[in-house]
There are 2 protein chains.
Amino acid sequence: MPKDRSPTRIQKKNRAAILEAALNVFSANGFRGATVDQIASEAGLSKPNLLYYFPSKVDMHNALLAQLMDTWLDPLREMDEDGEPLAEIMAYVRRKLQMSRDFPRESRLFANEIVQGAPRIHDALNHDLKTLVDEKTKLLERWMADGKIARVHPYHLLFSVWSLTQHYADFDVQVRAILGDEDPFDGADPFLETLYLRLLTP
Amino acid sequence: MPKDRSPTRIQKKNRAAILEAALNVFSANGFRGATVDQIASEAGLSKPNLLYYFPSKVDMHNALLAQLMDTWLDPLREMDEDGEPLAEIMAYVRRKLQMSRDFPRESRLFANEIVQGAPRIHDALNHDLKTLVDEKTKLLERWMADGKIARVHPYHLLFSVWSLTQHYADFDVQVRAILGDEDPFDGADPFLETLYLRLLTP
DNA sequence: ATGTGATTTGACCAAACGGTCAAACTCACG
DNA sequence: CGTGAGTTTGACCGTTTGGTCAAATCACAT
């Protein structure tokens, strides 16, 4: 087992390679669908070598989810109470859509986990996510009370942002089956712009 | 193996029980995450007995997906070109949301399949779905050209309906983590009503 | 009741799985 | 170069998995 000391050059390289491979395999097959052999082969390492860096399959999965949770909530965290309300929300939507474009595997990792009941991240949902969401919905409600944006159910407003943006990553196969060669994001960007402008302009 | 003749009373009962159990297990764990033993135990039958009715795990999964594909596309099929455009679309959204409420397991079965690249229903997406969608988007474009509804990208309009409605079934755990005791659909219904009214009113 | 086909099951199998371990190899550093 | 820690692996283990099979039981038409 690698020591707790500062990681060696080799440790850094291999840990990164393993997490990269694990992300590919977990996001494409779900936790139970992924096999350690598959991750090992994708990382270019032997199976025992993998388990030398991560004691078990669950550990790899946890490492990915933990590392990801923060990144995933960042776009919402950045919504600024001092900014122009409508512009802040539109920017949030744009950041979320950008994450679906740039990190589709991460999005599918979450989707897999949540569709199957989130057995491994239930706590994070009820604490980290719930806390942040409650803070930001208060902000949204203030903006609505001030007449800066139209009145809608703030929780469902957030749900709509999540579902509309993550759809392009999670249901990519379906989207491409319909669109053919057309780049999904070329159309998604102006569509969401229009949608939220019409929905939220007071 | 049961004969091809007209199914006996016992065959009907057991096939139904198996599909019901399989739907529970597949939708909660994905294809690879589900085990035949689990389905058998949930159906109250022995494993060999299960495989007497369905020759393999894949066959159970296929039976579910095939049986489901039609049901799933029905709400869109019912969108009537002779109806009032805006009302037709709003009714479609309501039907889709109702399906998320009434058939969350079916929704998650699809979600699991598509998030993981739809390996088993690629063809159905490219034929059945694509054909129906192309037919209905032509209708939407006609309505837009006639000024009956606002101009938006028709494909992305359909994506938005799918993602916004199915979100309540597929991401149920997350939605409930945020909403607490509040019934998700109580808020979803008026929210989507408002959203599509504002988006599509010309 | 009896015979025939439909139904059910305990015992079993080979492959795939997550994980272990001792032995071998490599690297960095004095 | 030598040495000790860090790294790698082939062989192996127990369990789980999808699936098989022969034998036993059941349902029902005659």
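Chain naming here is simple, since letters A, B, ... match the order of the sequence lines and numbering starts at 1 in each. Values below: every heavy atom of this structure, side chains too, minus hydrogens, waters and symmetry copies.
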Whole-Å gap separating C1' (dG18(D)) and CZ (Phe54(B)): 16 Å

Among pairs that include at least one residue of residues 88-132 of chain A, which meet ring pair (Phe, Tyr, Trp, His ring centres under 6.0 Å), considering only residues two or more places apart or in two chains? Trp72(A)-Phe110(A)

Could you name each residue pair satisfying salt bridge (Lys or Arg N to Asp or Glu O under 4.0 Å) that touches residues 60-72 of chain B, not counting sequence neighbours? Asp70(B)-Arg77(B)

Are any protein N/O atoms closer than 3.5 Å to N/O atoms in nucleotides 25-27 of chain D? If there are, list each pair with its distance.
none

Output all residues satisfying salt bridge (Lys or Arg N to Asp or Glu O under 4.0 Å) with Glu20(B), sequence neighbours left out; order by chain, then residue number. Arg105(B)

In short, salt bridge (Lys or Arg N to Asp or Glu O under 4.0 Å) pairs touching residues 33-44 of chain A with sequence neighbours left out are Asp37(A)-Lys47(A)

Is a donor from one side chain sitting under 3.5 angstrom from an acceptor on the other, for Ser160(A) and Tyr196(A)? yes

Taking DNA chain C as the partner, which of residues 17-25 of chain B come within under 4.0 angstrom of it by heavy atom? none

Listed pairs under 3.5 Å, donor-acceptor, residues 82-89 of chain B side chains, sequence neighbours left out:
residue	atom	partner	partner atom	Å
Glu88(B)	OE1	Asp80(B)	N	2.8

May I have all residue pairs that pass side-chain hydrogen bond (donor to acceptor under 3.5 Å, both in side chains) and include part of residues 171-180 of chain A, sequence neighbours excluded? Asp172(A)-Arg176(A)

Quick one, which residues of residues 29-51 of chain B touch DNA chain D with a heavy atom under 4.0 Å? Ala34(B), Thr35(B), Val36(B), Lys47(B), Pro48(B), Leu51(B)

Is Leu164(A) close to Leu164(B) at the side-chain level, that is, under 4.5 Å between some pair of heavy atoms? yes

Sequence neighbours excluded, the answer for salt bridge (Lys or Arg N to Asp or Glu O under 4.0 Å) partners of Asp134(B) is Lys130(B)

Starting at NZ of Lys12(A) and ending at P of dG6(D), how long is that distance when rounded to a whole Å? 16 Å

Between dT9(D) (C1') and Tyr52(A) (OH): distance, integer Å: 13 Å

His167(A): what forms a side chain to side chain donor-acceptor pair (under 3.5 Å) with it, not counting sequence neighbours? none

To the nearest angstrom, how far is Gln11(A) atom CD from dT8(D) atom C1'? 13 Å

Any Tyr53(B) side-chain N or O less than 4.0 Å from OP1/OP2 of dT8(C): yes

Taken to the nearest whole Å, CZ/Arg15(A) to P/dT8(D) is 12 Å

Hey, can you pull the donor-acceptor pairs under 3.5 Å for the side chains in residues 54-64 of chain A, sequence neighbours left out?
residue	atom	partner	partner atom	Å
Ser56(A)	OG	Val58(A)	N	3.4
Ser56(A)	OG	Asp59(A)	N	3.3
Ser56(A)	OG	Asp59(A)	OD2	2.8
Lys57(A)	NZ	Phe31(A)	O	3.0
Lys57(A)	NZ	Ala34(A)	O	2.6
Asp59(A)	OD2	Ser56(A)	N	3.3

